[in-house]
Amino acid sequence: DVKVTQSSRYLVKRTGEKVFLECVQDMDHENMFWYRQDPGLGLRLIYFSYDVKMKEKGDIPEGYSVSREKKERFSLILESASTNQTSMYLCASSSTSTGAYEQYFGPGTRLTVT
Amino acid sequence: AQSVTQPDIHITVSEGASLELRCNYSYGATPYLFWYVQSPGQGLQLLLKYFSGDTLVQGIKGFEAEFKRSQSSFNLRKPSVHWSDAAEYFCAVGGYSGGGADGLTFGKGTHLIIQP
């Protein structure tokens, strides 16, 4: 089974702090994704990556950056956290080489910025 | 731009009754379509997917969905719901660009409530 893990289930940070959210997948997937989930808005794509050191902006990249130094790990960075970044963050991965694009999700990190 | 509409924010169904959750999409090419389920406090679990071929696809937990290109729809169905089906359901559309698989575009979700 594909396993996607996220470093924290719950995180509380202060406004202005730099925040790192870590995601690791164990299935050698090429593609990794970061979404945020807010009530009434569904999931929105922040950034994704096709390969190591590659990154692409999603629909809402403002205020975020990402890093992918190893194939299995994809980090989301909030350079200076703000209260409007309080949300549930979901990481996902998928395989291109199998020809199937379904994404497998981690359990999510609920971030609160105070 | 691609988009997904789930017209029903909440649906209440009696246990044992049939279920249909609606999903309409907008996508410029042949879409890849997915239904995911999210139980409270959990991540998303894939129920089923459609890429090509038979327009009626079977998934896990007794769910099925039918792709209707003429209606741009991909509705999720289950003949008899169980209390454990209470959850949030998301329809999603995605595709493939030259660089690799794109991120998915999700609907806003349908919250399913099961009445005893």
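Naming: A, B, ... by sequence-line order, numbering from 1 per chain.
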Side-chain heavy atoms under 4.5 angstrom apart, residues restricted to Ile, Leu, Val, Met, Phe, Trp, Tyr: same cluster for [X] and [Y]?
X       : Y       : value
A:Phe48 : B:Phe34 : yes
A:Met32 : A:Val24 : no
A:Ile46 : A:Leu78 : yes
A:Trp34 : A:Met88 : no
B:Val4  : B:Val57 : yes

>> How close do A:Glu102 and B:Phe51 get, counting heavy atoms only, and between which atoms?
In response: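 Closest heavy-atom pair between A:Glu102 and B:Phe51: OE1-CZ, 3.7 Å.
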> Does a side-chain heavy-atom distance below 4.5 Å link B:Tyr36 with A:Gln103?
Replying inline: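 The answer is yes, as the side chains (C-beta and beyond) meet within the 4.5 Å cut-off.
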> So which residues of residues 105-114 of chain A are in contact with chain B at a heavy-atom cut-off of under 4.5 Å?
Replying inline: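 The list, in residue order, reads A:Phe105, A:Gly106, A:Pro107.
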>> Measuring from atom CZ of A:Arg44 to atom NZ of B:Lys108, what distance do you get when rounded to the nearest 0.5 angstrom?
In response: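 If I round to the nearest 0.5 Å, the distance is 9.0 Å.
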Against chain B, label [X] side chain, backbone, both or neither, depending on which of its atoms sit under 4.5 Å from a heavy atom there.
X       : answer
A:Glu56 : neither
A:Arg9  : side chain
A:Leu90 : side chain

> Heavy-atom distance under 4.5 Å to chain A: side chain of B:Gln45, backbone, both or neither?
Replying inline: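 No part of B:Gln45 comes within 4.5 Å of chain A.
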> By a 4.5 Å heavy-atom criterion (distance strictly below it), what part of B:Leu46 contacts chain A: side chain, backbone, both, or neither?
Replying inline: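 Contact with chain A is through the side chain of B:Leu46 alone.
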>> Just checking B:Ile9: does its CD1 atom have more than 12 heavy atoms from other residues, nucleotides or ligands closer to it than 6.0 angstrom?
In response: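 Counting neighbours around CD1 of B:Ile9, 12 or fewer heavy atoms of other residues, nucleotides or ligands fall under 6.0 Å, so no.
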> Going by the disulfide bond (SG atoms under 2.5 Å apart) test, which pairs reach into residues 56-89 of chain A, not counting sequence neighbours?
Replying inline: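 Pairs touching residues 56-89 of chain A that pass the test: none.
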>> Pair B:Thr105, A:Leu45 - check side chain to side chain contact (heavy atoms under 4.5 Å, CB included), show working.
In response: CA-CA 8 Å; B:Thr105 297; A:Leu45 181 65; over 6 Å; no
> Donor-acceptor pair, A:Tyr35 side chain versus B:Leu104 backbone, under 3.5 Å?
Replying inline: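 Looks like yes, one N/O pair under 3.5 Å.
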